[in-house]
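Here is the structure we will look at.
Because only heavy atoms are used, hydrogens play no part in the values below, and waters and symmetry mates are left out as well, while side chains stay in. Sequential numbering from 1 along the given sequence is applied to the chain's residues.
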Amino acid sequence: MTGLDGTLAAASVVALHCSLGSGRQWTKLAAGLGGDRFMAPDISGYGVAACGRDWPRTLDGEIARLEPWLAKADGPIHLIGHSYGGATASPYAQHVRSLTLIEPVLPTLLRDTPADARLYDRFARIAQVVSKDIVDGAVLEAVEAFTAFWAGSGPREQFSPSGRLRMIEQADKLPCDFNAALDLAGVAEAARALKVPTLLMSGGLSPYVTQRIVAKLAALIDDAELRHLPAAGHMLPVTHADRVNPEILRHIWRAQKLANLELAKLELTADAGPADAAQPAGSARRHLVFRRSLG
């Protein structure tokens with residue numbers, strides 16, 4: 001993945017994974033990008049960040065844990081988030097060059113109408129069930145309920161014994177993730193204020209709650225691109241990486257191109273002399289004109 005000058009133009013790509021996952025879920029995307037400007041940190045409680053039990057229960061706390069990683073980014077950031085990682089990514093959106101959200105877990109966006117409120121209530125109920133099972137020591141039951149919910153209308157995912165053991169070992173973090181997602185306020189206002197190129201993705205077999213969140217975000221975010229994969233489920237960045245990753249790469253390239261055009265426009269304006277700045281209306285002088293392309 002390259003910019004107009006054959007590099008990523010000093011921009012870094014940061015990808016955030018889902019609950020019970022790790023940064024390893026982005027291995028194929030990292031290979032597609034190439035180079036050394038790709039970071040996929042493990043969110044607290046998962047992967048190499050699984051040690052300890054002092055986990056954040058709010059997104060502000062989650063973001064604070066990621067700050068050392070983001071400090072390593074040299075220049076602008078293309079930010080990607082899936083599921084809980086998408087919720088964690090959202091507060092950074094004003095500070096990045098492009099944003100990709102794959103079924104972000106932002107349930108509080110669904111409290112404004114009776115129909116959507118029923119989806120919010122369903123999400124809150126599964127959060128309560130999973131959290132209670134974990135508190136009661138019924139971790140196997142918690143993992144079963146969690147994975148069954150996220151399977152949506154698709155087939156239940158078959159996990160390897162080692163994969164299931166890893167989920168059981170890290171399931172204690174799930175109540176914190178649910179609490180952080182259910183505690184987030186002002187999502188609609190933040191979405192309307194977004195001015196960064198945004199790509200939204202969803203799967204047709206996913207739980208309808210996340211499909212609805214993506215649809216609402218698409219209506220709120222100015223010029224957002226929407227990609228829907230009817231045959232994919234909630235784990236589409238893993239199960240359908242061959243479809244998802246090219247969309248992400250194209251989105252990053254377009255955002256990079258737009259940033260270069262904006263930089264060129266700023267340089268052109270800065271280089272203009274007083275006579276140039278005073279051009280009358282209707283002048284035959286050429287102007288740099290562009291608009292964001294969604295094609």
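- Looking at every heavy atom in both residues, Ala180 comes nearest to Leu59 through CB-N, 3.8 Å.
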Report task. Just do the side chain to side chain contact (heavy atoms under 4.5 Å, CB included) check on Val14 and Trp26 with the steps written out, would you? Result -> CA-CA 10 Å; Val14 178; Trp26 302 108; over 6 Å; no
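- A salt bridge links Asp116 with Arg212: at least one charged nitrogen is closer than 4.0 Å to a carboxylate oxygen.
- Heavy-atom minimum distance, Asp42 versus Ser22: OD1-CB, 3.4 Å.
- For the pair Lys216 and Asp112, the salt-bridge criterion is met [side-chain N within less than 4.0 Å of a carboxylate O].
- Heavy atoms of other residues, nucleotides or ligands lying less than 6.0 angstrom from CZ of Arg243 number 12 at most.
- Using a cut-off of 4.0 Å between Lys/Arg side-chain N and Asp/Glu carboxylate O, Glu225 and Arg227 are scored as salt-bridged.
- A donor-acceptor contact closer than 3.5 angstrom is absent between the side chains of Asp183 and Thr58.
- With rounding to the nearest 0.5 angstrom, the CG atom of Leu165 is 9.5 Å from the OG atom of Ser160.
- Proximity of Tyr120 to Leu182: side-chain heavy atoms (C-beta onward) are separated by under 4.5 Å at one or more points.
- Of all heavy-atom pairs spanning Gln211 and Gly204, the tightest one is NE2-O, 3.3 Å.
- Taking each heavy atom of Pro56 and Gly61 in turn, the nearest pair found is CB-C, 3.5 Å.
- Rounded to the nearest 0.5 angstrom, Asp60 CG and Leu184 CG are separated by 8.5 Å.
- Considering only heavy atoms from C-beta on, Leu226 stays 4.5 Å or farther from Leu217 through its side chain.
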Report task. Before giving the answer on side chain to side chain contact (heavy atoms under 4.5 Å, CB included), spell out for Ile63 and Thr88 the whole-Å C-alpha distance, their side-chain angles and the decisive distance to 0.1 Å. Result -> CA-CA 7 Å; Ile63 291 164; Thr88 307; 4.2 Å; yes
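- Partners of Tyr84 according to the ring pair (Phe, Tyr, Trp, His ring centres under 6.0 Å) rule, which considers only residues two or more places apart in sequence or in another chain, do not exist here.
- Take Glu144 and apply the side chain to side chain contact (heavy atoms under 4.5 Å, CB included) test, not counting sequence neighbours, and it matches Arg156, Arg164.
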Report task. Apply the test side chain to side chain contact (heavy atoms under 4.5 Å, CB included) to residues Glu103 and Ser83: give CA-CA distance (whole Å), side-chain angles for both, the deciding distance (0.1 Å), then the verdict. Result -> CA-CA 5 Å; Glu103 297 201 1; Ser83 193; 5.8 Å; no
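- Two different hydrophobic clusters hold Val238 and Ile43 under the rule that ILVMFWY side chains link at heavy-atom gaps under 4.5 Å.
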Requested in this report: Give the C-alpha distance, both sets of side-chain angles, the deciding distance and a yes or no for side chain to side chain contact (heavy atoms under 4.5 Å, CB included) between Ser98 and Leu199.
Outcome: CA-CA 8 Å; Ser98 76; Leu199 172 64; over 6 Å; no
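- Ile126 and Val135 are members of different hydrophobic clusters when ILVMFWY side chains are connected at heavy-atom separations under 4.5 Å.
- Using a 4.0 Å cut-off between charged nitrogen and carboxylate oxygen, Lys173 and Glu62 count as a salt-bridge pair.
- Using a 4.5 Å heavy-atom threshold, the side chains of Gln25 and Pro237 count as touching.
- Residues Val214 and Leu205 do not share a hydrophobic cluster, clusters being chains of Ile/Leu/Val/Met/Phe/Trp/Tyr side chains in contact below 4.5 Å.
- Taking the six-membered ring for Trp and thresholds of 30 and 60 degrees, His82 and His234 have ring planes inclined between 30 and 60 degrees apart.
- Between atom OG1 of residue Thr210 and atom CZ of residue Phe123 there is a gap of 9.0 Å, rounded to the nearest 0.5 Å.
- For Asp121, the side chain to side chain contact (heavy atoms under 4.5 Å, CB included) partners two or more places apart in sequence, or in a different chain, are Arg125.
- Residues Leu194 and Leu106 fall within the same hydrophobic cluster, defined by Ile, Leu, Val, Met, Phe, Trp and Tyr side chains chained together at heavy-atom separations under 4.5 Å.
- Taking the side chain as every heavy atom from C-beta outward, Leu29 and Leu249 approach each other to under 4.5 Å.
- The backbone N or O of Ala138 lies less than 3.5 Å from no partner atom in the side chain of Asp133, so there is not a single donor-acceptor pair.
- The CZ atom of Phe178 sits 6.0 Å away from the OG atom of Ser131 when rounded to the nearest 0.5 Å.
- Nearest heavy atom pair, residue Trp55 against residue Ala50, reads CZ2-O, 3.8 Å.
- Side chain of Thr198 to main chain of Val196: a donor-acceptor pair is present (N/O by atom type, distance under 3.5 Å, no hydrogens or angles).
- Using a 4.5 Å cut-off between side-chain heavy atoms of Ile, Leu, Val, Met, Phe, Trp and Tyr, with links allowed through other members, Leu99 and Leu109 fall into the same hydrophobic cluster.
- The two residues Val143 and Ala171 have their closest heavy-atom pair at CG2-CB, 3.9 Å.
- Atom-to-atom distance recorded for Leu119:CG and Ile213:CD1 is 8.5 Å, nearest 0.5 angstrom.
- Note that OG1 of Thr100 and CD1 of Ile80 are 5.0 Å apart. Values are rounded to the nearest 0.5 Å.
- Residues Met201 and Leu229 are in side-chain contact: their nearest non-hydrogen atoms beyond the backbone lie under 4.5 Å apart.
- Other residues, nucleotides and ligands place no more than 12 heavy atoms under 6.0 Å from the CZ atom of Arg122.
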